Participant: 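Below is a structure I'd like to ask you about.
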Amino acid sequence: QVQLVESGGGLVQAGGSLRLSCAASGTIFGIASMGWYRQAPGNQRDLVAIIFRGGNTNYADSVKGRFTISRDDAKTTVYLQMNSLKPEDTAVYYCNVRYDSTRYWGQGTQVTVSS
């Protein structure tokens with residue numbers, strides 16, 4: 001089983017930056033993908049960014065050029081560097097890992113961007 005622990009959320013002024021981290025633990029080999037999703041009140045949970053086994057990445061159009069997803073050398077921790085934050089980025093951010101035919105979710109971390 002995979003456990004995910006998120007950190008790095010908080011309150012930031014518009015134009016500022018935050019870095020989210022998600023550490024995966026357990027018996028892990030060959031993770032298919034690691035990604036970040038977000039959910040604002042009244043909305044569905046949407047994909048923000050994802051990195052695949054081989055290192056390729058995809059981003060939501062709304063964050064391209066501002067957010068960067070990356071992982072450590074062990075490929076067990078995923079990061080989301082968020083720059084030029086906007087109020088519309090305010091949401092709960094969830095880490096997601098696909099492994100062993102299962103989707104695992106982090107506990108969520110609140111990101112609030114003030115104007």
Side-chain angles (χ1 to χ4, degrees):
Q1 182 172 304
V2 176
Q3 292 96 248
L4 305 177
V5 179
E6 301 179 34
S7 63
L11 174 65
V12 67
Q13 187 96 346
S17 298
L18 286 173
R19 188 190 190 216
L20 306 183
S21 298
C22 175
S25 62
T27 302
I28 304 171
F29 182 80
I31 289 175
S33 67
M34 307 181 80
W36 291 95
Y37 292 70
R38 67 187 181 187
Q39 186 169 21
N43 296 120
Q44 67 181 36
R45 188 175 298 183
D46 295 324
L47 177 68
V48 177
I50 189 167
I51 185 166
F52 298 96
R53 187 197 308 274
N56 293 330
T57 58
N58 290 145
Y59 295 90
D61 288 342
S62 59
V63 307
K64 286 180 179 177
R66 300 188 296 120
F67 292 10
T68 302
I69 189 170
S70 62
R71 63 189 178 192
D72 66 353
D73 290 339
K75 301 178 181 179
T76 54
T77 302
V78 63
Y79 307 93
L80 186 68
Q81 179 66 46
M82 304 185 292
N83 299 326
S84 302
L85 282 161
K86 305 174 180 180
E88 51 263 44
D89 295 319
T90 295
V92 177
Y93 284 69
Y94 297 90
C95 177
N96 172 261
V97 168
R98 290 201 298 112
Y99 175 75
D100 194 24
S101 303
T102 303
R103 282 187 172 271
Y104 299 89
W105 293 95
Q107 79 278 11
T109 185
Q110 177 70 46
V111 171
T112 302
V113 184
S114 65
S115 60

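Residue numbers run from 1 in the order of the sequence given. Because the structure is predicted, anything quoted here is derived from the model rather than measured.
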Participant: With a 4.5 Å cut-off on side-chain heavy-atom distances among I, L, V, M, F, W and Y, is there a chain of contacts connecting Val78 to Ile31?
Facilitator: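 Per the 4.5 Å side-chain linkage, Val78 and Ile31 are co-clustered.
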
Participant: Using a distance-only test with no angle check, is there a side-chain donor-acceptor pair under 3.5 angstrom linking Arg66 and Ser84?
Facilitator: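 Short answer, no.
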
Participant: Under 3.5 Å, is there a donor-acceptor pair between the side chain of Tyr59 and the main chain of Ile69?
Facilitator: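 Yes: the side chain of Tyr59 pairs with the backbone of Ile69.
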
Participant: To the nearest 0.5 Å, how far apart are CD in Gln3 and OG in Ser25?
Facilitator: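 Between atom CD of Gln3 and atom OG of Ser25 there are 4.5 Å.
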
Participant: Apply salt bridge (Lys or Arg N to Asp or Glu O under 4.0 Å) to Asp73 and list each qualifying residue two or more places apart in sequence or on a separate chain.
Facilitator: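 Scan of Asp73 (salt bridge (Lys or Arg N to Asp or Glu O under 4.0 Å), adjacent residues dropped) gives none.
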
Participant: Can you tell me if Asp72 uses its side chain to pair, donor with acceptor, with the backbone of Thr77 under 3.5 Å?
Facilitator: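 It does hold such a pair.
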
Participant: Answer yes or no: is there a side-chain heavy-atom contact under 4.5 Å between Gln39 and Tyr94?
Facilitator: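 Yes, close enough: below the 4.5 Å cut-off.
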
Participant: Got a sec, which pairs hit salt bridge (charged side-chain N to carboxylate O under 4.0 Å, His left out) with one end in residues 39-60, sequence neighbours left out?
Facilitator: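 Sorted result for residues 39-60: empty, none.
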
Participant: Are Ile51 and Leu4 linked, directly or through intermediate hydrophobic residues, by side-chain heavy-atom contacts shorter than 4.5 Å (ILVMFWY only)?
Facilitator: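 Yes, same cluster.
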
Participant: Can you check whether Arg103 reaches Ser33 side chain to side chain, under 4.5 Å on heavy atoms?
Facilitator: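 The answer is no; the side chains never approach within 4.5 Å.
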
Participant: May I ask you to say whether Asp89 pairs ionically with Lys86, meaning some side-chain N is under 4.0 Å from a carboxylate O?
Facilitator: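 Result for this pair is no, no salt bridge flagged.
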
Participant: side-chain contact (heavy atoms from CB on, under 4.5 Å) for Asn58 and Asn56? Distances and angles first, verdict last.
Facilitator: CA-CA 7 Å; Asn58 290 145; Asn56 293 330; over 6 Å; no

Participant: Look at the aromatic rings of Tyr99 and Tyr104 and report parallel, tilted or perpendicular, splitting at 30° and 60°.
Facilitator: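 Taking Tyr104 first and then Tyr99, their aromatic rings sit tilted (interplane angle of 30° to 60°).
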
Participant: Are Leu85 and Leu80 co-members of a hydrophobic cluster defined by side-chain heavy atoms under 4.5 Å apart?
Facilitator: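 Both belong to a single hydrophobic cluster.
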
Participant: Can you check whether Glu88's main-chain N or O pairs, donor with acceptor, with Thr90's side chain at less than 3.5 Å?
Facilitator: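 No: the side chain of Thr90 does not pair with the backbone of Glu88.
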
Participant: Tabulate below the donor-acceptor pairs under 3.5 Å that side-chain atoms of residues 9-21 make, not counting sequence neighbours, or state none.
Facilitator:
from: Gln13; atom 1: OE1; to: Ser114; atom 2: OG; distance (Å): 3.3
from: Ser17; atom 1: OG; to: Asn83; atom 2: OD1; distance (Å): 2.9

Participant: Determine, using the 4.5 Å side-chain heavy-atom cutoff (strictly less than), whether Val48 and Ile50 are members of one ILVMFWY cluster.
Facilitator: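 No, Val48 does not connect to Ile50 through the hydrophobic network.
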
Participant: Let me check something: do Val63 and Tyr93 share a hydrophobic cluster, defined by ILVMFWY side-chain heavy atoms less than 4.5 Å apart, either directly or through other members?
Facilitator: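 Linked, Val63 and Tyr93 end up in one cluster.
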
Participant: Search all heavy atoms of Ala91 against all heavy atoms of Arg38 and return the closest pair with its distance.
Facilitator: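 Minimum heavy-atom contact is CB-CB, 3.8 Å.
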
Participant: Check the orientation of Tyr37 and Trp105. Use parallel for under 30°, tilted for 30 to 60°, and perpendicular for over 60°.
Facilitator: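 Because their plane-to-plane angle is over 60°, the rings of Tyr37 and Trp105 count as perpendicular.
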
Participant: Does a donor on one side chain sit under 3.5 Å from an acceptor on the other, for Thr109 and Gln107?
Facilitator: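 No, no side-chain donor-acceptor pair sits under 3.5 Å.
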
